[in-house]
Visitor: 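There's a structure below that I have some questions on.
None of these values were measured; they are calculated from a predicted model.
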Amino acid sequence: MPDYIWPPMDKRVVMGKRLSRLDGPDKSTGRAKYNSDLNPKDLLFGVLLTCPYAHAKIKSIDTSAAKSLKGVTAVRVIKEAGTEVQWEGAEIAAVAAVTEEIARDAVRLIKVEWEVLPHVVKEDDITKVGNRAKQSGEQTTGDPEAAFKEADVVSEGEYGIPVLTHCCLEPHGLTVQWSGDKVEYFPSTQNVSGIGTDLGKLINVPATNVHVHMDHMGGGFGSKFPADLWGEQAARLSKESGGRPVTLFLERSTELQIAGNRPSVFGKVRVGAKKDGTITAWESKTWSSGGFGGGGFNAQAFPYVFGKIPNKSINHQSVSLNTGSARAWRAPNHPQLSYLTCSAFEDVAAKLKMDPIEVFKKNLNYTDRPEVYRKQLDIAAGLIDWKKNWHQRGDSGSGAVKRGLGLGIGTWGGGGHASKCRTTIHPDASVEVELGSQDLGTATRTMIAMIASETTGLPLSKIKVKIGDNSFPNSGGSGGSTTIGGVTTSTRKSTVNALDKLFEEVAPLLGATPDQLEAVDQHIRVKGHPEKSMTWEAACRKLGTDMITAEGENVPREAMKEGMISSGVGGIQMSEVSVDTETGIVKIVRHVAVHDCGLVVNPKTAESQVYGACIQSICGALMEERVMDAATGRMLNADMEFYKLAGIGDIGEIIVHMDIAPEHDKRGVIGLGEPPTIPGIVAIANAVANAIGIRVPVVPMTPGRVLAALERRNA
């Protein structure tokens, strides 16, 4: 039986080292080519006509003028007359032309007669949504009313976290060529192995006839799994244009309107506690929306992380809006759950005049991992100088600029997905590792190479990683922080299997059995007898004209039993802010993130994941939100000028501490993409409340909202 288990921490040569991304130079110099960069011969340009209204019916549609425009090769009607359209930005028609300018001119020539219908696009005030709110979750545990009566203190608050869009820097889209019965498909996707099957179903082509390729992609955050309607239409435009390739990437406005969003959550929370900070009762009445379908928010997870609180009452409603639909967004539901829960907990602490760290610690037995959180709270507090800088809420001196500290908590799964990998050892000593995975910018290529290097004893430069193509062995889509566990395990098994075959070839030459050999520092040698060795090149030459090929597979349940991967992590983030009470401007002073994720293959790239997540949290806390106009039903900030994201001057100092310890390492590899996006927004919101003495109930905490909160406090 091959020995797949990870080497002990003190025996690793490559794993655990702070190595830079292999594709970093290509990306930083512009050599890396994204599918939105492709420019094949005879390329056509696809453009969509989209709906300008939040809710309308198509009375008639006339494409004759567009079809007759010189340079137009195909025009397709996506939604016929009589169709009721439920949100702005919905796809109505598609055009392909020899230039992008001609395609846009053709779209403008399409005449649509609309019947505009009533709409609802805002959900922050549930009294104004009419019959759009539907009950979607109600649960009672214990006796919450009795617990509230017996509580020493009861805190009540209203909180809100709005819809955010994914705002991928590379918009959703593809380049595609449908010629004969074959489709060459170059999407921006998180699902290289699976998206070809999806497109094939849409256009009635066997999945085996759809070839998918993608070397790099510019952000997805959970939104780039399906082929989508625009993918189908681009393929059909290609076929109707004689099989010429078509590129169709969404315009920025359409990207923000329809390519996915993170659902909102608003609500009223009541928390009961003892004088010592023990939480005894929880009541939440919440509502949310992620679009026309409502959003699918899991309110049963309240109170977040502290799920064992004995007395709970939970009521949740989903609101259907005339807006584009929700899609998975780094840690679906968790940032919103953490925001409402940790805000309410800090408000209880303020009412008790207790340090919130002590309140959180007092209730850790309500969590699944109390000792992990206790340790992480202490580490984070030390990194941010909590004891020195924390003060009672609002007690931050007499000057106009106030400072405050806040914290948030998070958890996630992160077990590895199903994955297959193929390793080939060539007679010329080169090694190829192939799997149908994708690198979203998370250093997946580098992780695969590191595992192969650790197994074979070869430097990274000798390992050729081939991913991004559905002709390679199937590997799962990159979502739910499942990629790292999946690809590292399949790569480890594949490279071990290939190496064992090489050992069988050369063992007689070294006077040993295959199980007595090891691969170290570009040599094959007998364990315990380093003088009995041969170079990797010499060993490979013994293959003659043959090559060694071996596969390995991550079967999640088996891998967890083997100790290769695991699931379930924790994280604590703390933030220090300054707030100018005259202007309402909030600035990040320091933001600390402490996270565990099992065995850390590369601390440098792991920290990079956390840095990115913290920056996204700063965006969500201070500036980022979708702004809808109730009167017109339109998104007012569907562009990069007014859909605000953080710049380098907005993020302050970010301190990342990976909780690397033997007790975590022995659990195997666990994903990290989602967890650090969870606690950041609420840590910043709690820090602002600590600084100015009153809760800013709804994020982002723009200057206007901060000043409004200060007016309420002064009143």
Side-chain angles (χ1 to χ4, degrees), residues 153 155-160 271 273 277 338-339 342-362 377-378 380-409 572-594 614 617-618 620-623 646 649-655 679-715:
V153 64
S155 173
E156 298 186 44
E158 296 186 13
Y159 313 97
V271 178
S338 183
Y339 177 74
C342 296
S343 294
F345 273 39
E346 279 235 12
D347 286 350
V348 167
K351 198 161 187 176
L352 289 166
K353 296 192 178 301
M354 288 181 65
D355 184 332
I357 288 181
E358 297 310 312
V359 172
F360 275 69
K361 284 184 174 180
K362 191 73 178 177
L377 282 165
D378 289 339
L383 290 171
I384 208 166
D385 295 324
W386 185 281
K387 287 185 178 180
K388 175 184 175 182
N389 295 319
W390 183 80
H391 52 75
Q392 292 288 342
R393 182 173 287 189
D395 185 16
S396 52
S398 58
V401 178
K402 312 292 186 181
R403 291 177 85 138
L405 291 171
L407 69 90
I409 194 168
I572 296 290
Q573 291 186 21
M574 296 182 182
S575 199
E576 181 180 7
V577 304
S578 69
V579 185
D580 189 324
T581 56
E582 294 179 345
T583 65
I585 293 175
V586 179
K587 292 186 177 180
I588 305 297
V589 179
R590 280 184 296 178
H591 191 89
V592 169
V594 179
C614 291
S617 295
I618 291 166
L622 300 184
M623 60 201 70
D650 299 313
I651 62 175
E653 180 187 10
I654 299 175
I655 302 169
I681 291 177
V682 71
I684 297 166
N686 283 336
V688 170
N690 180 246
I692 66 174
I694 190 170
R695 171 74 54 187
V696 181
V698 176
V699 292
M701 293 171 291
T702 58
R705 286 182 176 139
V706 172
L707 293 175
L710 287 168
E711 285 184 14
R712 291 195 302 274
R713 185 197 68 179
N714 295 335

Visitor: Verify, without hydrogens or angle tests, whether Q573 (side chain) and H591 (backbone) share a donor-acceptor contact under 3.5 angstrom.
Guide: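 No; judged by distance alone, with no hydrogens or angles, the pair does not exist.
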Visitor: Kindly give the heavy-atom pair with the smallest separation between S338 and P679, and that separation in Å.
Guide: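 Result for this residue pair: OG-CA, 4.1 Å.
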Visitor: G620 and V699: which non-hydrogen atoms are nearest, and at how many Å?
Guide: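 Taking every non-hydrogen atom into account, O-CB, 3.9 Å.
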Visitor: For side-chain contact (heavy atoms from CB on, under 4.5 Å), just list the numbers for L377 and M574, CA-CA rounded to whole Å, side-chain angles, deciding distance to a tenth of an Å, and then say yes or no.
Guide: CA-CA 9 Å; L377 282 165; M574 296 182 182; 4.0 Å; yes
Visitor: Do I384 and N389 pass the side-chain contact (heavy atoms from CB on, under 4.5 Å) test, and can you show the C-alpha distance, the side-chain angles, and the key distance before you say yes or no?
Guide: CA-CA 8 Å; I384 208 166; N389 295 319; 6.0 Å; no
Visitor: side-chain contact (heavy atoms from CB on, under 4.5 Å) between I651 and I588: does it pass, once the steps are laid out?
Guide: CA-CA 6 Å; I651 62 175; I588 305 297; over 6 Å; no
Visitor: Picking from I585, D580, V579, what satisfies side-chain contact (heavy atoms from CB on, under 4.5 Å) with E582?
Guide: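 That would be D580.
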Visitor: Could you tell me whether the side chain of V696 reaches within less than 4.5 Å of the side chain of V586, counting heavy atoms only?
Guide: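 A side-chain contact is absent here, since even the closest heavy-atom pair is not under 4.5 Å.
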Visitor: Closest approach of V359 and A349, non-hydrogen atoms and distance?
Guide: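 Of all heavy-atom pairs spanning V359 and A349, the closest is CG2-CB, 3.6 Å.
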Visitor: With distance as the sole test, does E576 use its side chain to make a donor-acceptor pair with the main-chain N or O of R403 at under 3.5 Å?
Guide: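 No; judged by distance alone, with no hydrogens or angles, the pair does not exist.
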Visitor: Identify the two heavy atoms, one from L352 and one from G277, that lie closest to each other, and give their separation to 0.1 Å.
Guide: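 Smallest interatomic distance, heavy atoms only, reads CD1-CA, 3.8 Å.
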Visitor: Is there a donor-acceptor pair under 3.5 Å between the side chain of K402 and the backbone N or O of G399?
Guide: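 At least one qualifying donor-acceptor pair exists.
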Visitor: What distance do F345 atom CZ and I409 atom CD1 have between them, rounded to the nearest 0.5 Å?
Guide: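 Taking CZ in F345 and CD1 in I409, the distance rounds to 9.0 Å.
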Visitor: Sub-3.5 Å donor-acceptor pair from the side chain of R695 to the main-chain atoms of S343, do we have one?
Guide: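 Pair found, side chain donor or acceptor close to backbone of S343.
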Visitor: What heavy-atom pair brings A685 and Y339 nearest, and what distance separates the two atoms?
Guide: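 Smallest heavy-atom distance, with atoms named: CB-CE1, 3.7 Å.
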Visitor: When rounded to the nearest 0.5 angstrom, what distance separates OG in S575 from CD1 in I654?
Guide: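 The distance works out to 9.0 Å.
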Visitor: Rounded to the nearest 0.5 Å, how far does CG of L707 lie from CZ of R705?
Guide: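 R705 atom CZ to L707 atom CG measures 12.5 Å (nearest 0.5 Å).
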Visitor: Salt bridge or not for K361 and D355, using N-O below 4.0 Å?
Guide: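 D355 and K361: not salt-bridged.
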Visitor: Looking at H391, is its backbone amide N or carbonyl O close enough to the side chain of N690 to form a donor-acceptor pair, meaning the two atoms are under 3.5 Å apart?
Guide: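 Yes, the answer is positive, given that a donor and an acceptor are paired below the 3.5 Å cut-off.
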Visitor: Rounded to the nearest 0.5 Å, how far apart are CG of L405 and CD of E346?
Guide: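 Result: 9.5 Å between the selected atoms.
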Visitor: Nearest heavy-atom pair of I357 and A381: which atoms, and what distance?
Guide: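 Closest heavy-atom pair between I357 and A381: CD1-CB, 3.8 Å.
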Visitor: Between the side chain of S155 and the main-chain N/O of V271, is any donor-acceptor distance below 3.5 Å?
Guide: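 No, because the side chain of S155 does not come within donor-acceptor range (under 3.5 Å) of the backbone of V271.
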Visitor: Any side-chain heavy-atom pair from C342 and N686 closer than 4.5 angstrom?
Guide: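 Side-chain contact under 4.5 Å: yes.
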Visitor: V589 versus S578: any side-chain heavy-atom pair under 4.5 Å?
Guide: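 Contact flag for V589/S578 side chains = yes.
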Visitor: Can you list the steps and then say if Y159 with D347 is a side-chain contact (heavy atoms from CB on, under 4.5 Å)?
Guide: CA-CA 11 Å; Y159 313 97; D347 286 350; 2.6 Å; yes
